[in-house]
Amino acid sequence: MSRNSRRGFLLAALAGAVLNVQAAPTQYNLLDVYNMALENDAQLAAAQASMKATQETVNQSRATLLPTLGLSANTQYNKAARDYVSGGDQEDNYNSHGWGATLTQPLFNMNSWFNYEQAKSVGDQASAVFANAQQQLILRVAESYFNVLRSEDSLMTAKAQERALKQQLDQARERYNVGLIAETDVLDARAAYDNARVARIQAQNQVSVSYEGLRTIVNQDVTDIAQLEKAMPVVAPTPNNPEEWVNTALANNLGLKAAREGLTASESKVKASKSGHAPTVNAFASYNYSSSNSATARVPAGNSLVYSGDGNQTVVGVQFDLPIFSGGATTSVTRQAGYQLEEAQKNYDQQLRDTNANTRNLLRTATSDVDRVHASCQVIISSESALKATQSGYEVGTRNITDVLDSQQQLYSSISNYLNTRYDFIVNTLKLKQAAGTLSPADLEELNQWMTDASDELSVPDECRG
């Protein structure tokens, strides 16, 4: 190969390497996924739009307490005919126009005031609902992210088990060929290997499904995410006192806060409904100008004066209105508001009970997860020891192939359970913080410190060996 040919080959290879690097998929960590979700999640965007729409009712209700100014104008062509007794008809064709302005300021209107108070509570409720949606996004991102990791761990376990069973099958065939074992052992090994292949295919599909769930939230194709460092400590939530967690939840839980604001809004609505019997007082000022070139508009006014056809009027006053009877509508509306207040009270009571129970249960569950993780470690160690003993017994003829296959299955199952339990602990801890109303992006930032590059190796975790 000539020097120029070698140079061209090297340049082409280098260009191809650069293209491969650029085309390589990006690995996203937990914070990357959360930031994408903040920008693209449809549920959060809908919740934000709903909050903004609801908060506009505050401005609308406030407007009923502020001055209103109206302007009107008119112009018209008039054609009139008059029949006089003294004889003869007279036609009068003319133009007329005018304009006016009216300023009104409510002085006393209990209904408008309590409607404004209700609107403020509804606006605060909408803010709490949106804040709860933000916390829900954190939880949805975490659950979807760790569901992907669960599926990838399951696939890794399925592949490792498939390789191990394939090796076991090959060994069984060799031993059968030299007459050391019966054909049934080979058939058992073959059946176990075939089942492992099916499990691996199912695990591969579940990885795709879990990634699709993540894509639904971030609206982008994510094909590679960082793994959870196995060295991440698993520690029970602090304080380990249910009453302290419940007290925090009663003060900060956003679902409970929304229900509380809804109750306050219902109380204001009852007051607004009752105020339908109350009087209203409005101050007003108006100015009107009119002009007409009608012949009848320009008539002598006495003292040698003649009307010009132009005129204006200024009026300033106070108007008092007192509703006496509205066909029973006001009374019915008041009863309706009372029933709605009762509904809001019961909903708040139920939310209070649910918050109390969920907080206690999630604390118990997260604490139990810690014990499960440590217990799962011991199961892995015991399963590994049992597999080694079973394999040794199989070598000397005291154990059969079925015992070895069962021991292998137990080891891989224990490793999978251990990894799943860690994910359960993380998700349940986040749910506990959400129930307490303290869940924030800082919790994802803390978790993200334990994200590392993906690994295709499946082994007994160092934590379990310690």
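Note that this is a predicted model, so its numbers are computed, not measured. Just the heavy atoms: all of them, side chains too, but no hydrogens, waters or symmetry mates, feed the values below. We count residues from 1, following the sequence as given.
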Worksheet item: Between Leu363 and Pro239, which heavy-atom pair has the shortest distance, and what is it?
Response: CD1-O, 4.5 Å
Discussion item. How close do Arg360 and Pro242 get, counting heavy atoms only, and between which atoms?
Written reply: NH1-CB, 3.8 Å
Discussion item. As a quick check of understanding, evaluate salt bridge (Lys or Arg N to Asp or Glu O under 4.0 Å) for Arg190 and Glu183, giving each step before the final call.
Written reply: CA-CA 11 Å; Arg190 178 70 189 184; Glu183 185 180 7; over 6 Å; no
Worksheet entry | Heavy-atom neighbours of Lys120 NZ exceed 12 at 6.0 Å | yes
Worksheet item: Which is it for Arg150 and Asp424 under the salt bridge (Lys or Arg N to Asp or Glu O under 4.0 Å) test, yes or no, and what are the steps along the way?
Response: CA-CA 10 Å; Arg150 288 177 194 267; Asp424 289 340; 2.6 Å; yes
Worksheet entry | Heavy-atom closest pair, residues Thr429 and Ala366 | OG1-CB, 4.1 Å
Worksheet item: For the atom pair CG (Leu107) and CG (Leu65), what is the distance rounded to the nearest 0.5 Å?
Response: 11.5 Å
Discussion item. If I compare all heavy atoms of Leu444 with all of Ala142, which pair ends up nearest, and what's the gap?
Written reply: CD2-CB, 4.4 Å
Discussion item. For Glu342, is the CD atom crowded, meaning more than 12 foreign heavy atoms sit under 6.0 Å from it?
Written reply: no
Worksheet item: Which pairs pass ring-ring contact (aromatic ring centres under 6.0 Å, His included) with one or both residues in residues 324-370, sequence neighbours excluded?
Response: none
Worksheet item: CZ of Arg62: more than 12 outside heavy atoms within 6.0 angstrom?
Response: yes
Worksheet, complete the sentence: Residues passing the salt bridge (Lys or Arg N to Asp or Glu O under 4.0 Å) test with Asp349, sequence neighbours excluded, are none
Item to complete: State the CG-OH distance between Asn109 and Tyr116, to the nearest 0.5 angstrom.
Response: 14.5 Å
Worksheet item: Checking Ser368 side chain against Arg364 main chain: does a donor-acceptor pair fall under 3.5 Å?
Response: no
Got a list of side-chain donor-acceptor pairs under 3.5 Å for residues 326-335, not counting sequence neighbours?
{"from": "Ser326", "atom 1": "OG", "to": "Thr330", "atom 2": "N", "distance (Å)": "3.4"}
{"from": "Ser326", "atom 1": "OG", "to": "Thr330", "atom 2": "OG1", "distance (Å)": "3.1"}
{"from": "Thr334", "atom 1": "OG1", "to": "Ser273", "atom 2": "O", "distance (Å)": "3.4"}
{"from": "Thr334", "atom 1": "OG1", "to": "Thr330", "atom 2": "O", "distance (Å)": "2.8"}

Practice prompt. Among residues two or more places apart or on two chains, list those pairs meeting ring-ring contact (aromatic ring centres under 6.0 Å, His included) that have a residue in residues 146-175.
Written response: Phe146-Tyr423
Practice prompt. Please lay out, stage by stage, how Glu143 and Lys431 fare under the test salt bridge (Lys or Arg N to Asp or Glu O under 4.0 Å).
Written response: CA-CA 10 Å; Glu143 286 185 309; Lys431 287 182 178 180; 3.5 Å; yes
Response to the item:
Applied to residues 174-216, the ring-ring contact (aromatic ring centres under 6.0 Å, His included) test, sequence neighbours excluded, yields none
Response to the item:
Nearest heavy-atom contact between Asn132 and Gly255 is OD1-N, 4.3 Å
Fill in: Shortest non-hydrogen contact between Leu387 and Ser407, atoms and distance
CD1-CB, 3.6 Å
Fill in: Ser50 side chain to Ala46 backbone, donor-acceptor under 3.5 Å
no
Worksheet, complete the sentence: Between the CG atom in Leu405 and the CG atom in Asp188, the distance rounded to the nearest 0.5 Å is 7.0 Å
Name the atoms and distances for all side-chain donor-acceptor pairs under 3.5 Å in residues 134-141, with sequence neighbours left out.
{"from": "Gln135", "atom 1": "NE2", "to": "Leu439", "atom 2": "O", "distance (Å)": "3.1"}
{"from": "Arg140", "atom 1": "NH1", "to": "Asp41", "atom 2": "OD1", "distance (Å)": "3.3"}
{"from": "Arg140", "atom 1": "NH2", "to": "Asp41", "atom 2": "OD2", "distance (Å)": "2.7"}

